[in-house]
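In what follows, residues are counted from 1 in the order of the sequence shown.
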Amino acid sequence: MDEIEVKVLRDGARLPQKASEHASGYDLYACLPDGPVEVGNFPVRIPTGLAFAVPPGLDAQIRPRSGLASRGVLSTLGTLDADYRGELFLSLYTLTPEVRHVVEHGDRVAQLIITRLAEVEFALRDELPETERGAGGHGSTGR
């Protein structure tokens with residue numbers, strides 16, 4: 001099993017945890033010892049109180065929580081790079097101005113997904129292999 005080193009930067013920070021045995025993501029928690037923060041239609045940075053040392057070869061992605069998304073509250077997608085050692089902040093916002101959300105200390109606000117990276121090279125070609133879809137864009141598969 002791989003290990004990701006974590007540094008606690010302030011009291012009350014919580015390590016990422018899975019909500020269930022087969023969850024693919026680790027919940028990330030707001031670290032707000034100075035009180036709640038209101039989130040609206042513009043991104044608000046929410047501190048986690050944690051810094052991470054993601055080993056090279058692993059990919060750490062921040063994604064929204066489905067429970068919050070169903071209420072119109074999203075976290076921005078993000079990447080936690082292997083060479084970043086500062087505090088992890090999560091940017092939250094609401095989908096419409098009518099939706100307001102208050103984040104409390106300890107709330108689950110996003111999830112962290114860990115995968116392996118693939119090293120690739122990009123090969124410049126004059127032509128690409130044909131597919132049935134071809135150059136069809138958004139909605140071209142009829143879904």
Side-chain angles (χ1 to χ4, degrees), residues 1-125 128-129 131-143:
M1 180 179 296
D2 292 300
E3 179 179 272
I4 295 177
E5 297 177 75
V6 182
K7 181 179 180 181
V8 174
L9 301 175
R10 73 174 67 82
D11 289 339
R14 292 181 60 183
L15 288 177
Q17 292 181 334
K18 287 188 175 190
S20 66
E21 179 184 359
H22 299 293
S24 62
Y26 294 83
D27 286 331
L28 293 168
Y29 301 87
C31 185
L32 302 168
D34 295 331
V37 172
E38 185 173 2
V39 175
N41 204 218
F42 294 96
V44 175
R45 283 176 25 133
I46 304 294
T48 64
L50 301 173
F52 295 80
V54 177
L58 292 184
D59 183 31
Q61 295 287 317
I62 292 96
R63 295 189 188 162
R65 289 193 59 243
S66 59
L68 287 176
S70 70
R71 297 193 306 261
V73 182
L74 296 177
S75 63
T76 58
L77 300 172
T79 300
L80 185 52
D81 291 316
D83 58 353
Y84 177 65
R85 293 297 182 269
E87 182 171 4
L88 174 61
F89 286 88
L90 308 167
S91 295
L92 296 185
Y93 65 97
T94 63
L95 292 172
T96 65
E98 295 79 28
V99 174
R100 305 300 284 182
H101 180 74
V102 175
V103 178
E104 304 275 351
H105 177 73
D107 282 355
R108 296 181 298 160
V109 290
Q111 58 182 327
L112 187 64
I113 309 293
I114 309 295
T115 59
R116 297 209 178 278
L117 285 172
E119 289 293 322
V120 299
E121 291 183 11
F122 294 93
L124 189 58
R125 301 285 189 254
L128 298 176
T131 67
E132 184 177 331
R133 180 176 180 182
H138 296 276
S140 66
T141 60
R143 291 182 217 144

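- Of the possible donor and acceptor atoms, one in the side chain of Glu87 sits under 3.5 Å from a partner among the backbone N and O of Gly49.
- Within a 6.0 Å radius of CZ in Arg85, other residues, nucleotides and ligands contribute more than 12 heavy atoms.
- By the 4.5 Å heavy-atom criterion applied to side chains, His105 and Cys31 are counted as neighbours.
- Distance CG/Leu32 to CZ/Arg10: 8.5 Å, rounded to 0.5 Å.
- Around CD of Glu5, the count of heavy atoms belonging to other residues, nucleotides or ligands within 6.0 Å does not exceed 12.
- The minimum heavy-atom distance between Leu58 and Arg116, with the atom names listed, is CD2-NH1, 3.3 Å.
- Within the model, atoms CG of Leu74 and CG of Leu92 stand 9.0 Å from one another, a figure rounded to the nearest 0.5 Å.
- Between Glu38 and Val44, the closest heavy-atom pair is O-CG2, 4.0 Å.
- The backbone N or O of Pro64 sits less than 3.5 Å from a side-chain atom of Gln111, completing a donor-acceptor pair.
- Side chain of Arg133 to main chain of Gly136: a donor-acceptor pair is present (N/O by atom type, distance under 3.5 Å, no hydrogens or angles).
- Considering only heavy atoms from C-beta on, Ile62 comes within 4.5 Å of Leu112 through its side chain.
- For the pairing with Leu88, the side chain to side chain contact (heavy atoms under 4.5 Å, CB included) check across Leu9, Val6, Leu28, Leu50 returns one residue only, Leu28.
- The two residues Lys18 and Gly25 make their nearest non-hydrogen contact at CG-O, 3.7 Å.
- With rounding to the nearest 0.5 Å, the separation of CG in Asp107 from CZ in Arg65 is 9.0 Å.
- Of the inter-residue distances, the one linking Leu90 atom CG with Ile46 atom CD1 reads 7.5 Å to the nearest 0.5 angstrom.
- Taking the side chain as every heavy atom from C-beta outward, Thr94 and Val39 approach each other to under 4.5 Å.
- Taking 4.5 Å as the limit, every side-chain heavy atom of Pro16 sits out of range of all side-chain heavy atoms of Thr48.
- In this structure, Gly106 and Tyr29 approach most closely via the heavy-atom pair O-CD2, 3.3 Å.
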Is there a salt bridge (Lys or Arg N to Asp or Glu O under 4.0 Å) between Arg14 and Asp27 once you walk through the steps?
CA-CA 10 Å; Arg14 292 181 60 183; Asp27 286 331; over 6 Å; no
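- For Tyr26, the OH atom sits in a loose shell: 12 or fewer heavy atoms of surrounding residues, nucleotides or ligands are nearer than 6.0 Å.
- By the neighbour-count criterion of 12 heavy atoms within 6.0 Å, atom NZ of Lys7 is sparsely surrounded, having that number or fewer from other residues, nucleotides or ligands.
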